[in-house]
> 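Got a structure here, written out as structure tokens. Questions coming.
Atoms within each ligand, like the ligands themselves, are counted from 1 in listed order. Counting begins at 1 with the first residue of the sequence.
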Amino acid sequence: MNMDQLKREAAARALEEVRDGMQLGLGTGSTAKHFVELLGERVRAGLKVIGVPTSEATRLDAVRCGVPLTTLDEIDHLDITIDGADEIDPALNLIKGGGGALLREKIVAAASDRMIVIADDSKWVATLGRFPLPVEVIPFGLGATRRAIEKAFAQCGVSGQMAVRNGKDGHVFVTDGGHWIVDAQLGRIEDPAHLATALSAIPGVVEHGLFIGLASSAVLAGGEGIRVIERRKPKGD
Ligand SMILES: O=C(CO)[C@H](O)[C@H](O)COP(=O)(O)O
């Protein structure tokens with residue numbers, strides 16, 4: 001099975017958790033796209049659900065697949081968010097934002113009773129940090145924000161090159177919220193919760209790709225089959 005088939009397998013397993021009447025957060029990326037497509041098949045067969053997309057790309061996919069959509073202004077909570085990740089550690093802390101949708105992804109995950117992460121098992125790591133950490137920033141005052149980020153890294157015992165992300169067209173990548181992303185090559189993040197708190201305190205940082213204590217479970221598809229890992233503590237504890 002190739003990686004794309006594994007992603008679809010993980011998406012199909014997560015779909016088994018969806019029940020009639022649920023309000024769903026719809027993630028972003030190639031794995032989440034499989035979920036939206038499979039969900040669309042079930043909707044066309046009569047399943048009644050409503051979704052909140054985490055990006056314009058996912059909104060378009062959901063419309064194409066016939067999944068009814070709403071917003072977090074119209075409903076007061078979500079039952080489950082199903083989303084991919086760039087890295088997942090054994091505590092189910094995540095790095096997300098490879099697709100640039102981390103801000104909306106985190107808002108939607110935080111508004112959900114449960115977050116199910118779907119991925120091929122190459123995303124499973126002992127320690128976060130090999131994948132460059134995305135930090136979403138306001139373009140104004142970027143120099144000052146970068147210096148503050150470097151200081152936060154030093155306080156948390158990490159360091160590494162930072163680069164403003166470019167899009168496929170070679171121009172600066174602009175998020176759905178109109179911000180930029182700085183990717184930081186940190187290698188190893190020994191204390192992701194500490195780093196998450198330090199980054200969140202910086203003016204000019206809109207959001208970062210560390211998702212701490214948000215994922216309830218992870219569905220990992222690999223050559224040996226599917227593994228479901230539950231987070232030990234319930235969300236909110
Ligand atoms: O965080 C994300 C987008 O912002 C994605 O979930 C993450 O990049 C994983 O993507 P893929 O499923 O394509 O590997």
> So, 4.0 Å and heavy atoms of Lys33: is ligand 1 close enough to count as a contact?
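It does not, in that no heavy atom of Lys33 comes within the 4.0 Å cut-off of ligand 1.
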> Any N/O of Gly97 closer than 3.5 Å to an N/O of ligand 1?
yes
> Output yes when Glu37 and Arg8 qualify as a salt bridge under the 4.0 Å nitrogen-oxygen rule, no when they do not.
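So Glu37 pairs with Arg8 through a salt bridge.
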> Is the closest basic N to carboxylate O distance between Arg44 and Glu41 below 4.0 Å?
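Not counted as a salt bridge, because no side-chain N and carboxylate O are separated by less than 4.0 Å.
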> Regarding Glu207 and Lys106, does a basic nitrogen lie under 4.0 Å from an acidic carboxylate oxygen?
yes
> In the protein, which heavy atom is nearest to atom 12 (O) of ligand 1, and how far is it?
Thr31 OG1, 2.5 Å
> Could you tell me, atom by atom, which parts of ligand 1 come under 4.0 Å of a heavy atom of Gly29?
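Counting from 1, the qualifying ligand atoms are 13 (O).
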> Can you check whether Phe131's main-chain N or O pairs, donor with acceptor, with Glu87's side chain at less than 3.5 Å?
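Here the side-chain-to-backbone pair exists.
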> Among all protein heavy atoms, pick the one closest to atom 3 (C) of ligand 1 and tell me residue, atom and distance.
Glu105 OE2, 3.0 Å
> Any pair with a residue in residues 182-194 that passes salt bridge (charged side-chain N to carboxylate O under 4.0 Å, His left out), sequence neighbours left out, goes on the list, sorted by first then second residue, please.
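Listed by first then second residue: Arg165-Asp183, Arg188-Glu190.
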> Between Ser55 and ligand 1, find which residue part has any heavy-atom pair under 4.0 Å and reply side chain, backbone, both or neither.
neither
> Taking it one step at a time, do Glu56 and Arg59 satisfy salt bridge (Lys or Arg N to Asp or Glu O under 4.0 Å)?
CA-CA 5 Å; Glu56 289 306 304; Arg59 189 180 64 74; 3.0 Å; yes
> Are any of the N/O atoms in Ala32 less than 3.5 Å from those in ligand 1?
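Checking ligand 1 against Ala32, no N or O pair falls under 3.5 Å apart.
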> Starting from atom 13 (O) of ligand 1, locate the nearest protein heavy atom and write down its residue, its atom name and how far away it is, to 0.1 Å.
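The closest one turns out to be Ser30 OG, 2.5 Å.
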> Report the nearest protein non-hydrogen atom to atom 14 (O) of ligand 1: residue, atom name, distance rounded to 0.1 Å.
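Of every protein heavy atom, Lys123 NZ, 2.6 Å lies nearest to atom 14 (O) of ligand 1.
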> Using a strict cut-off of less than 4.0 Å between a Lys/Arg side-chain nitrogen and an Asp/Glu carboxylate oxygen, indicate whether Glu16 and Arg13 qualify as a salt bridge.
yes
> Provide the number and element of each atom of ligand 1 under 4.0 Å from a heavy atom of Asp83.
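Near Asp83, the atoms of ligand 1 are 6 (O).
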> Can Gly100 be said to touch ligand 1, with heavy atoms closer than 4.0 Å?
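Heavy atoms of Gly100 do come under 4.0 Å of ligand 1.
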> Within the distance-only criterion (no hydrogens, no angle test), does the side chain of Lys96 pair as donor or acceptor with the backbone N or O of Gly84 below 3.5 angstrom?
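Yes: the side chain of Lys96 pairs with the backbone of Gly84.
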> Identify, by atom number and element, the atoms of ligand 1 in contact range of Lys7, meaning under 4.0 Å from any of its heavy atoms.
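Those atoms are 14 (O).
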> Provide the full list of salt bridge (charged side-chain N to carboxylate O under 4.0 Å, His left out) pairs with a residue in residues 25-36, sequence neighbours left out, each pair given once.
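Sorted pair list: Lys33-Asp61.
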> Apply side-chain contact (heavy atoms from CB on, under 4.5 Å) to residues Ile50 and Leu69 and explain how you reach the verdict.
CA-CA 5 Å; Ile50 196 154; Leu69 296 177; 5.7 Å; no
> Nearest protein heavy atom to atom 8 (O) of ligand 1, by residue and atom, and its distance?
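I find the closest protein heavy atom is Asp86 OD1, 2.6 Å.
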> With heavy atoms of Gly84 as the reference, note each atom of ligand 1 found under 4.0 Å away.
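The atoms of ligand 1 under 4.0 Å from a heavy atom of Gly84 are 6 (O).
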> Checking a contact table here: which protein heavy atom is nearest atom 5 (C) of ligand 1, and how many Å away?
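Protein heavy atom at minimum distance: Thr28 O, 3.2 Å.
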